[in-house]
There are 2 protein chains.
Amino acid sequence: MPPKPKTEFERQQLRTLIMDAARELFVSRGVEAVTMREIAKRIGYSATSIYLHFADKEALIRAICDTDFLALADALKNNLVITDPVERMLAFGRGYAQFALNYPNHYRMMFMTEHPPCDPEISSVQQNNAEQDAYFQLKIVVNEVFLAGKFKPDLKDSELIAQTVWAGMHGVCALQISMANDIWVNWAGIEQRLQMMQLTLMRGLMRD
Amino acid sequence: MPPKPKTEFERQQLRTLIMDAARELFVSRGVEAVTMREIAKRIGYSATSIYLHFADKEALIRAICDTDFLALADALKNNLVITDPVERMLAFGRGYAQFALNYPNHYRMMFMTEHPPCDPEISSVQQNNAEQDAYFQLKIVVNEVFLAGKFKPDLKDSELIAQTVWAGMHGVCALQISMANDIWVNWAGIEQRLQMMQLTLMRGLMRD
DNA sequence: GTTGTTAAATTAACGATGTTAAGTAAAAAG
DNA sequence: CTTTTTACTTAACATCGTTAATTTAACAAC
């Protein structure tokens, strides 16, 4: 039953319908385990219909990632109301970890798998817009601590500090996602590990 | 030309021939991109022959991982000759990162993808054997610093410290492997980021 | 030495996947 | 009323991991 020309709005609507169905499946079982046919069935379409809206599976994944970067930025921006720069940075880190651990398959898709470099032409995320770009938010949050003179005096590169903080939190989250079930390691509780990382980063970066 | 019974040695030999060919391909292009047929062709066998030695692709990957944990432990144990515990821990971290960045596809296979929990019955790595178990090495190295009273006095859980150090280094390496080509982030040099992480961890963990 | 038996390998084939090509129905355009 | 365009579907393809059926060759028993 293939009807008639669709308005641009209807096209967008179907596009997001596909993305929402795909996201739900990806998040619950990971991108590899989900087939195009399955996504299509979920929304009552044929598999090939997806290709009218996305060039291939990779493009679909990328598009979803893209809107999820928005979701991450949106979730994190709530912390920006905290006035104390140091408290804000800590809350920001906790929020980031919470996102990672609440949506591990998502997080894996966004930060643990190599995607071809994201084309800013196509991306719906505006880089360096604090509302939309979580990395930009991180830079701001760290830089405000930096400007407040809270870091050790020999630390002069604010962005390098930001990348270190990111790496530290990412390390804990990524190991948790990939290796939590590995009986080889007698893991401490994830909450404990997160707190320990934040404590260590703080002590290592902040002025005494 | 399929001849007759092989001695156990010949079977082992073919098994490692398969593993070596597979490893080389996996390391250069990642596990997903390499097909069983390709591995087989590389050693002049038919694809199905591999299944006479490994239950499936996953089992082959796991077997390779397994021997690579040995390789990692072997590479890292050279640092154990360093006498000063703190210097030894630093060198250990650098060695770990070097392994990760020299063999990124390997590292991804070992630490960045979820494998079903490793069965110690099957594994050829002896857990808690310092010669073979890199995580055990890490625990020892950290614990020696701990016993030397070098950590901050309120840090009482040596294994939690080890896991934090691991997470920090893993974070830098993992982001490098997955996101180095992401133009979104203005990455500092990888060497700089590694050094900054080590500096920060040290300052955050060690007694003043 | 012929004849089974068995191990090691192969070729054929299966089902699933991402994807492309060809076809179809209905609305719009002329 | 015809023609074109649009949204979709079904068929089909190549490739993948994997299994089944088949071949080949060495050994064992008589």
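Keep in mind that the numbers below use all heavy atoms, side chains included, and drop hydrogens, waters and symmetry copies. Order of the sequence lines fixes the chain letters, A, B, ..., with proteins taken first and strands second; residue numbering starts at 1 for each chain.
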- Cut-off 3.5 Å, side chains only: do A:D182 and A:W187 have a donor facing an acceptor? no
- Message: Both A:R37 and A:L14 contact DNA chain D. Taking the nearest nucleotide for each, which residue is further toward the 5' end?
- Response: A:L14
- Query: Looking at C:dT19, C:dT10, D:dT18, which one has an atom nearest to any side-chain atom of A:M36?
  - Reply: C:dT19
- Atom CG of A:L60 and atom P of C:dT17 are separated, to the nearest Å, by 16 Å
- Query: So which nucleotide from D:dG17, D:dT18, C:dT11 ends up closest to the side chain of B:T35?
  - Reply: D:dG17
- Task: Would you mind checking if A:E38 and A:R29 are paired as a salt bridge, meaning a charged N to carboxylate O distance below 4.0 Å?
- Result: yes
- Message: In whole Å, I'd like the distance from the CG atom of A:L25 to the P atom of C:dT17.
- Response: 13 Å
- Which nucleotide in the set D:dA7, C:dA9, C:dT19 lies at the smallest distance from any side-chain heavy atom of A:R11? D:dA7
- Message: Side chains of A:R108 and A:S178: any donor to acceptor distance under 3.5 Å?
- Response: yes
- Query: Rounded to whole angstroms, how far apart are CD on A:E32 and C1' on D:dC16?
  - Reply: 13 Å
- When you measure from the side chain of A:H53, which nucleotide among D:dC8, C:dG18, D:dT18 comes out closest? D:dC8
- OP1 or OP2 of D:dT9 sitting under 4.0 Å from any side-chain N/O of A:Y45? no
- Message: Parallel, tilted or perpendicular: which one describes the rings of B:Y135 and B:W166, with boundaries at 30° and 60°?
- Response: tilted
- Note on the structure: Side-chain atoms of B:Y51 come closest, of D:dC16, D:dT19, C:dT10, to D:dT19
- Counting any heavy atom closer than 4.0 Å, what does A:S49 reach on the DNA or RNA strands: base, sugar-phosphate only, or nothing? base
- Nearest-angstrom distance from the residue atom CZ of B:R15 to C1' of C:dA7: 18 Å
- Which nucleotide in the list D:dT10, D:dT19, C:dA9 gets nearest to the side chain of B:T48? D:dT19
- Within this structure, what is the NZ-to-C1' distance between B:K57 and C:dA16, rounded to whole angstrom? 15 Å
